[in-house]
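The sequence lines fix the lettering, A, B, ..., with proteins before strands; numbering per chain opens at 1. As a basis for the values below, the full set of heavy atoms in this structure was taken, side chains included, without hydrogen atoms, waters or symmetry mates.
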Amino acid sequence: MTRQRDIDVPEPFDLAATLESGQVFRWRRVDSGWYVGTVGQQPVMLRQVEEGLSYRCEGGAEEAVRRALHDFLRLEDDLRAIYREVGDDPRVAEAIGRYPGLRLLRQEPWECLVSFVCSSVSNIPRISRTLEAVTRRYGKPMDLAGHTLYAFPAPEELARVGEGELRGLGLGFRARYVDAIAPAQATGIVDLAALRRASYEEAKAQLMSLPGVGEKVADCVLVFSLDKLEGFPVDRWIRRCLKEWYFQGGTISDAALLSWAQARWGWYAGYVQQYLFHDRRLAGAGTPKT
DNA sequence: GGTGCACCTGTTAC
DNA sequence: AGTAACAGGTGCA
């Protein structure tokens, strides 16, 4: 039996911008403002309403889901305070002004890791499609209010699949990485949960020891799932807009851009990156080539 | 430490 | 219609 509840959320809050800003790839909009996805292993529906946020879940799970949502949506983050800290930068202020209420999410580290390994030289629609294919094929199916969704397969489950089959699902050259990372997780070579308590540098070094995980993917996993908000993923879009806005289009390495951004924005770097990325991507301001 | 290239594959641009 | 360029990068010479 599906139950519906409401939850208070801090202002500002924008569910659509948050779920559609390229942090998560398996949430989908269904009808009349409702989104369906999973939080933890639970199927959940979310809809923003005037008074806050409504959620639907399986009866009996209401309280657990409420707590999980608080975690997932990072409701403890005070966006107004963050805006005060970084809003003195006109470019950042502009992006904030266009998407007030866009929040970082606190994702399940394993799914987040696989997602961003699969993101390299790809695009959001394709990432969504291939992750959806993987979960349909190997994830446990669940039903909520007539919608079928799938749990993200555990490392042990993906470890049994094999590279060839992953390629068949559309992962391309990324299949080799996932095929190597899954057994490493399954056997505990890297303990993602423990990385939450490690320093940014230590956690990043461990992530980058995995095949298919470089600076950029590591920072995505750190910001989106491991509470390291000082991470600052430098992708094509960010590289381009930073060079253009702050370096007069000059030559500067990704490593230098990263240090510069972290020195400038500190713990808020992850938030700034997400606003700049989302804004730049939707603005479609020219196609970056390097 | 920097540069150049290959890597899958679906879209989009000429 | 055919082809090239491009996409939330990474690994390796």
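One atom, CD1 of Ile127(A), and another, P of dG9(C), lie 8 Å apart when rounded to the nearest Å. The distance from atom CZ of Phe224(A) to atom P of dG8(C) is 13 Å, rounded to the nearest whole Å. With rounding to whole Å, Trp237(A) atom CH2 is found 15 Å from dG9(C) atom C1'. For the pair Ile124(A) CD1 and dT11(B) P, the interatomic distance rounds to 15 Å; values are reported in whole Å. In this entry the distance linking CZ of Arg239(A) with C1' of dT10(C) reads 12 Å, nearest Å. Taking atom CD on Glu215(A) and atom P on dG11(C), their separation rounds to 11 Å, with Å as the unit. Counting to the nearest Å, the C1' atom of dG8(C) and the CD atom of Gln107(A) are 13 Å from each other. Rounded to whole Å, the distance from CE on Met208(A) to P on dG9(C) is 15 Å.
Judged as a salt bridge (charged side-chain N to carboxylate O under 4.0 Å, His left out), and not counting sequence neighbours, the contacts of Arg3(A) are Glu62(A).
Annotation for Ala151(A) and Gln41(A): closest pair CB-OE1, 4.1 Å, computed over non-hydrogen atoms. Closest approach of Tyr275(A) and Leu102(A) over heavy atoms only: OH-O, 2.6 Å.
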Base-contact (B) and sugar-phosphate-only (S) positions in nucleotides 4-10 of chain B, heavy-atom cut-off under 4.0 Å, - elsewhere = ---SBBS
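Within 4.0 Å of Pro211(A), counting heavy atoms only, lie sugar-phosphate atoms of the nucleic acid but no base atom. Counting non-hydrogen atoms under 4.0 angstrom, Val213(A) reaches the backbone sugars and phosphates but no base. Across all strands, Gly214(A) comes closer than 4.0 Å only to sugar-phosphate atoms, never to a base (heavy-atom distances). Within the nucleic acid shown, Leu169(A) has no heavy atom closer than 4.0 Å to any nucleic acid atom. At a threshold of 4.0 angstrom between heavy atoms, the contacts of Ser21(A) include nucleobase atoms, whether or not backbone atoms are also involved.
Nucleotides of DNA chain C nearest to Leu210(A) and Pro233(A) differ in position, and the one nearer the 5' end is that of Pro233(A).
Note: Tyr177(A) OH to Ser120(A) OG = 6.5 Å, rounded to the nearest 0.5 Å. With values rounded to the nearest 0.5 angstrom, Ile252(A) atom CD1 is found 11.5 Å from Arg239(A) atom CZ.
Annotation: dG1(B) and dG11(C) have their C1' atoms spaced 16 Å apart (nearest Å). Look at the P atom in both dG2(B) and dG8(C): the space between them is 25 Å, to the nearest Å. Atom P of dC8(B) sits at a distance of 25 Å from the matching atom of dG2(C), rounded to the whole Å. Taking the P atoms as reference points, dA1(C) lies 25 Å from dT9(B), given to the whole Å. Remark: the separation of the P atoms in dT10(C) and dG10(B) is 22 Å, to the nearest Å.
By the criterion of a centre-to-centre distance under 5.5 Å and near-parallel planes under 30°, the ring of Phe116(A) forms no stack with the base of dG8(C).
For the residue pair Glu165(A)/Tyr138(A), the side-chain donor-acceptor check at 3.5 Å is satisfied.
Within the structure, a side-chain polar atom (N or O) of Arg236(A) is placed less than 4.0 Å from OP1 or OP2 of dA7(C).
Base-pair partner of dC12(C): dG4(B) (Watson-Crick or G-U wobble, both distances under 3.5 Å).
Between Arg106(A) and Asp71(A) there is a salt bridge, since at least one side-chain N of the basic residue sits less than 4.0 Å from a carboxylate O of the acidic one.
Ring pair Tyr271(A)/Tyr83(A): centre-to-centre distance not below 6.0 Å.
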